[in-house]
Amino acid sequence: MHLHEKTQGWAAGIVLMEALQTTGSGRSGPEALEPGRISDYFAEEIFGKLNKDTRDFLLKTSYFPRFAPVMAEVITGNSRSAQILADLNRRNYFIERRNEPGPIYQYHSLFREFLKSLADRRFSEDERSRLMLSAAKLLEEAGQVEDAAELFREAADWEGLARIIMDHAQELNEQGRSAAL
């Protein structure tokens with residue numbers, strides 16, 4: 001995969017590549033972004049240096065493609081969600097903040113991939129399913145229907161997926177987004 005695609009043009013991706021060059025074999029370009037090296041970097045330089053509550057927060061919110069602090073609070077049960085997100089963003093921990101109309105956060109795709117991989121290993125199948133379904137419902141409530149549908153599919157909740165398709169089919173079709181159906 002090309003460097004720009006892998007980093008999605010994020011400056012954080014370039015910073016990550018530079019960090020991997022200085023902490024590893026000195027390889028540059030796409031070779032510096034090998035999955036194992038990326039996971040090692042995230043595990044050692046970022047995730048491993050965070051407290052247990054923040055690590056748990058990151059794992060539980062990794063199922064969201066984009067999310068508001070209140071969504072994170074619901075899924076994690078952590079009343080400090082807004083503070084944690086603001087702090088991670090301020091410290092440039094591979095999270096982006098957008099204002100639309102309130103703050104919306106999203107993890108860099110490489111970091112989210114790492115977090116989801118860890119969450120899949122750390123949580124039981126039942127806990128993963130519960131987290132995905134909770135995230136799907138929150139996404140649907142927030143109007144992120146396509147992301148919600150993807151989580152229903154990933155959780156193999158076919159009834160939830162069918163319901164969301166039926167509930168939003170006309171709306172998506174009217175918006176010219178019939179391909180999402």
Side-chain angles (χ1 to χ4, degrees), residues 1 3 5-20 23-24 30 32-98 103-140 142 144 146-157:
M1 184 174 284
L3 179 62
E5 284 178 33
K6 197 72 170 164
T7 64
Q8 294 181 330
W10 277 35
I14 303 303
V15 170
L16 173 60
M17 186 182 76
E18 290 175 2
L20 290 173
T23 61
L33 291 175
E34 292 172 0
R37 294 193 46 147
I38 294 168
S39 292
D40 292 347
Y41 176 81
F42 285 141
E44 294 168 18
E45 298 298 324
I46 296 180
F47 196 77
K49 293 181 179 179
L50 298 171
N51 65 47
K52 182 187 178 315
D53 288 342
T54 303
R55 290 191 308 261
D56 185 62
F57 176 92
L58 287 168
L59 294 178
K60 288 179 178 177
T61 57
S62 69
Y63 294 101
F64 289 119
R66 299 176 322 121
F67 57 99
V70 69
M71 296 164 73
E73 186 171 336
V74 170
I75 204 162
T76 65
N78 191 324
S79 62
R80 295 185 54 249
S81 293
Q83 294 166 298
I84 292 170
L85 289 165
D87 183 54
L88 291 169
N89 180 251
R90 182 182 50 76
R91 293 165 61 188
N92 296 314
Y93 274 12
F94 297 92
I95 185 169
E96 180 181 24
R97 177 189 165 144
R98 296 180 181 178
I104 299 292
Y105 292 89
Q106 79 177 53
Y107 299 121
H108 183 278
S109 64
L110 294 171
F111 190 51
R112 182 171 178 242
E113 190 177 305
F114 163 77
L115 292 173
K116 283 180 69 179
S117 174
L118 266 184
D120 287 348
R121 290 193 308 267
R122 194 154 301 166
F123 297 131
S124 70
E125 186 175 332
D126 287 343
E127 180 70 2
R128 282 191 315 270
S129 180
R130 187 192 66 73
L131 287 166
M132 282 189 275
L133 294 176
S134 179
K137 290 171 186 170
L138 290 165
L139 288 165
E140 182 180 9
Q144 297 179 46
E146 292 166 62
D147 292 331
E150 178 60 29
L151 279 177
F152 280 121
R153 186 198 61 74
E154 193 174 333
D157 182 344

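Worth saying up front: this structure is predicted, and the values here are computed from it rather than measured. Basis for what follows: all heavy atoms, side chains included, without hydrogens, waters or symmetry-related copies.
Taking every heavy atom of both residues into account, A148 and A136 meet most closely at CB-O, 3.2 Å. Across every non-hydrogen atom of R91 and L50, the tightest pair is NH2-CD2, 4.1 Å. Residues T76 and K60 share a closest heavy-atom pair of CG2-CB, 3.9 Å.
When atom types are taken as modelled, the side chain of R80 and the backbone of E73 share no donor-acceptor pair closer than 3.5 angstrom. A donor-acceptor contact shorter than 3.5 Å links the side chain of S62 to the backbone of L59. A donor-acceptor pair is defined here as one N or O able to donate and one able to accept, closer than 3.5 Å; such a pair exists between the side chain of N89 and the backbone of I95.
Taking the six-membered ring where the residue is Trp, F114 and F111 present parallel rings, their angle staying beneath 30° rather than reaching 60°.
Once rounded to the nearest 0.5 Å, the distance linking CZ of R128 with CZ of R121 reads 11.0 Å. Expressed to the nearest 0.5 Å, how far OH of Y63 lies from CE of M132 amounts to 5.5 Å. Atoms CG and CG, from L110 and L115 in turn, are 11.0 Å apart once rounded to the nearest 0.5 Å. Atom CZ of R97 is separated from atom CG of L88 by 13.0 Å, given to the nearest 0.5 angstrom. The distance from the CG atom of L139 to the CZ atom of F152 is 9.0 Å, given to the nearest 0.5 Å. Remark: K116 NZ to L58 CG distance equals 14.5 Å, nearest 0.5 Å.
With contacts defined as side-chain heavy-atom distances shorter than 4.5 Å, the pair I75/F67 does not qualify. Between F57 and L85, the closest side-chain pair of non-hydrogen atoms falls below 4.5 Å. Between P69 and Q83, the closest side-chain pair of non-hydrogen atoms is not below 4.5 Å.
Taking 4.0 Å as the cut-off between side-chain N and carboxylate O, E150 and R153 count as a salt-bridged pair. Salt-bridge formation is not detected for the pair K137/E140: no Lys NZ or Arg NE/NH1/NH2 atom is positioned less than 4.0 Å from an Asp or Glu carboxylate oxygen.
Defined by atom type and a distance below 3.5 Å, a donor-acceptor pair is present between the side-chain atoms of T54 and N51. Between T61 and Y107, the side chains place a donor N or O and an acceptor N or O closer than 3.5 Å (distance only, hydrogens not considered). Side-chain atoms of S134 and R130 form no donor-acceptor pair, as typed in the model, at a separation below 3.5 Å.
With sequence neighbours excluded, the residues forming a salt bridge (Lys or Arg N to Asp or Glu O under 4.0 Å) with R90 are D87, listed by chain and number. R66 pairs by the side-chain contact (heavy atoms from CB on, under 4.5 Å) definition with E100, I104, Q106, Q144, not counting sequence neighbours.
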Residues F64, R112; criterion side chain to side chain contact (heavy atoms under 4.5 Å, CB included); working and verdict: CA-CA 9 Å; F64 289 119; R112 182 171 178 242; 5.8 Å; no
Pair N78-D56, side chain to side chain contact (heavy atoms under 4.5 Å, CB included): steps then yes or no: CA-CA 10 Å; N78 191 324; D56 185 62; over 6 Å; no
Stepwise side chain to side chain contact (heavy atoms under 4.5 Å, CB included) test for L131 and E127: CA-CA 6 Å; L131 287 166; E127 180 70 2; 4.1 Å; yes
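Considering V70, V74, L151 as possible partners of L138, the one that fulfils the side-chain contact (heavy atoms from CB on, under 4.5 Å) test is V74.
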